Amino acid sequence: MPARPTHWLLKSEPHVFSFDDLWSAKKRTTMWDGVRNYQARNFMRDSMRPGDPILYYHSSCDVPGVVGLAEVASDPYPDPTQFDASSKYHDSGSDPNDPRWMLVDVRAVRRLPRVVTLADLKGERRLAKMAVVQKGSRLSVQPVTEAQWRIVLELAGVDG
DNA sequence: GCCAACGTTGGC
DNA sequence: GCCAACGTTGGC
């Protein structure tokens with residue numbers, strides 16, 4: 001049985017919530033709410049642990065890519081927006097006694113000295129298996145291997 | 001803005 | 001359980 005994944009990539013659309021937004025948040029931390037994909041939820045619920053390192057990826061923007069590092073900052077807990085009728089993430093089918101959607105808190109750790117663009121990732125043979133470079137990859141919460149993590153940091157100009 | 005790829009829904 | 005229709009994602 002494979003060990004649980006310990007390193008992650010989170011996608012965010014910067015016009016919605018950028019790495020700068022996270023950096024300027026209280027305690028540089030936010031609830032990673034609104035995830036409504038079961039695979040992504042399962043990673044947060046079943047595998048993420050406080051302290052796990054995160055690559056913070058900007059999608060749907062001029063230059064998609066990894067812009068910063070973050071970390072998991074809580075154990076999993078129910079996403080409160082699923083029970084908020086005024087939220088666009090409201091899910092009337094979720095039972096408060098058995099919540100459908102779980103999340104973790106995410107804390108910004110550092111901005112990267114240079115952005116590792118999607119083009120950079122695609123151009124690095126050693127990253128050919130990374131989920132984010134696969135055609136049609138839409139998963140917003142992805143595991144990253146330790147080897148991939150080190151290579152991305154190398155491309156970013158960060159010492160191991 | 002386009003559109004391919006993907007996940008979910010719902011009729012049957 | 002199949003699969004067409006639909007809505008969303010996300011690079012380009």
Side-chain angles (χ1 to χ4, degrees), chain A residues 2 4-5 7-25 30-48 52-72 76-106 108-109 111-145 147-149 151-157:
Chain A
R4 81 169 176 95
H7 295 56
W8 305 96
L9 180 146
L10 290 190
K11 291 183 187 174
S12 185
E13 300 183 27
H15 68 276
V16 177
F17 195 80
S18 68
F19 187 75
D20 278 347
D21 292 330
L22 181 59
W23 192 262
S24 53
T30 196
M31 288 189 303
W32 205 252
D33 61 12
V35 172
R36 294 295 180 268
N37 171 282
Y38 288 104
Q39 212 180 339
R41 178 210 58 187
N42 291 349
F43 282 131
M44 291 199 288
R45 183 191 64 187
D46 303 334
S47 297
M48 282 188 170
D52 281 0
I54 294 168
L55 300 172
Y56 198 102
Y57 179 91
H58 280 172
S59 64
S60 294
C61 56
D62 285 352
V63 184
V66 178
V67 299
L69 305 182
E71 65 184 2
V72 177
Y77 62 99
D79 181 342
T81 64
Q82 69 195 302
F83 305 122
D84 177 356
S86 69
S87 169
K88 66 173 176 172
Y89 301 124
H90 181 236
D91 181 355
S92 60
S94 181
D95 175 359
N97 296 314
D98 186 17
R100 180 176 292 169
W101 304 109
M102 304 291 280
L103 54 66
V104 297
D105 290 345
V106 173
V109 171
R111 167 180 299 287
L112 291 177
R114 57 174 181 266
V115 174
V116 182
T117 68
L118 179 59
D120 293 335
L121 297 172
K122 286 181 170 172
E124 171 53 71
R125 303 168 115 101
R126 293 173 294 167
L127 298 178
K129 290 185 176 173
M130 259 187 105
V132 75
V133 306
Q134 307 306 316
K135 182 175 181 178
S137 165
R138 291 170 40 171
L139 193 59
S140 64
V141 178
Q142 306 179 356
V144 172
T145 68
Q148 291 164 347
W149 173 272
I151 294 163
V152 173
L153 262 55
E154 173 191 321
L155 295 176

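Note on naming: letters A, B, ... go to the chains in the order of the sequence lines (proteins, then strands), and numbering restarts at 1 for each one. Just so we're clear, the structure is a prediction, and the values are computed from it rather than from any experiment.
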Quick one: [X] [atom1] to [N] [atom2], roughly how many Å, whole number?
{"X": "A/His15", "N": "C/dT9", "atom1": "NE2", "atom2": "C1'", "result": "11 Å"}
{"X": "A/Lys88", "N": "C/dG7", "atom1": "NZ", "atom2": "C1'", "result": "14 Å"}
{"X": "A/Gln134", "N": "B/dA5", "atom1": "CD", "atom2": "C1'", "result": "13 Å"}
{"X": "A/Met130", "N": "C/dG11", "atom1": "CE", "atom2": "P", "result": "13 Å"}
{"X": "A/Leu139", "N": "B/dG7", "atom1": "CG", "atom2": "P", "result": "8 Å"}
{"X": "A/Lys11", "N": "C/dG11", "atom1": "NZ", "atom2": "P", "result": "6 Å"}
{"X": "A/Asp120", "N": "C/dG11", "atom1": "CG", "atom2": "C1'", "result": "15 Å"}
{"X": "A/Arg100", "N": "B/dG7", "atom1": "CZ", "atom2": "C1'", "result": "14 Å"}

May I ask you to evaluate whether A/Tyr38 reaches the phosphate of B/dT9, defined as a side-chain N or O under 4.0 Å from OP1 or OP2? no

From A/Leu112, A/Leu127, A/Val66, A/Val115, residue fulfilling side-chain contact (heavy atoms from CB on, under 4.5 Å) relative to A/Leu155: A/Leu127

Taking the six-membered ring for Trp, are the ring centroids of A/Tyr77 and A/Trp101 within less than 6.0 Å of each other? no

Could you work out which one of [options] sits closest to the side chain of [X]?
{"X": "A/Gln39", "options": "C/dG11, C/dG10, B/dG7", "result": "B/dG7"}
{"X": "A/Arg138", "options": "C/dG11, B/dC6, B/dG7", "result": "B/dC6"}
{"X": "A/Asn37", "options": "C/dG10, B/dG7, B/dA5", "result": "B/dG7"}

Applying a 4.0 Å non-hydrogen cut-off, can you work out what A/Ser137 is touching in the nucleic acid: base, sugar-phosphate, or nothing? sugar-phosphate

Is A/Arg100 salt-bridged to A/Asp91, going by a charged N under 4.0 Å from an acidic O? yes

Quick one about A/Thr117 and A/Asp120 (side-chain donor to acceptor, distance below 3.5 Å, no hydrogens or angles considered), yes or no? yes

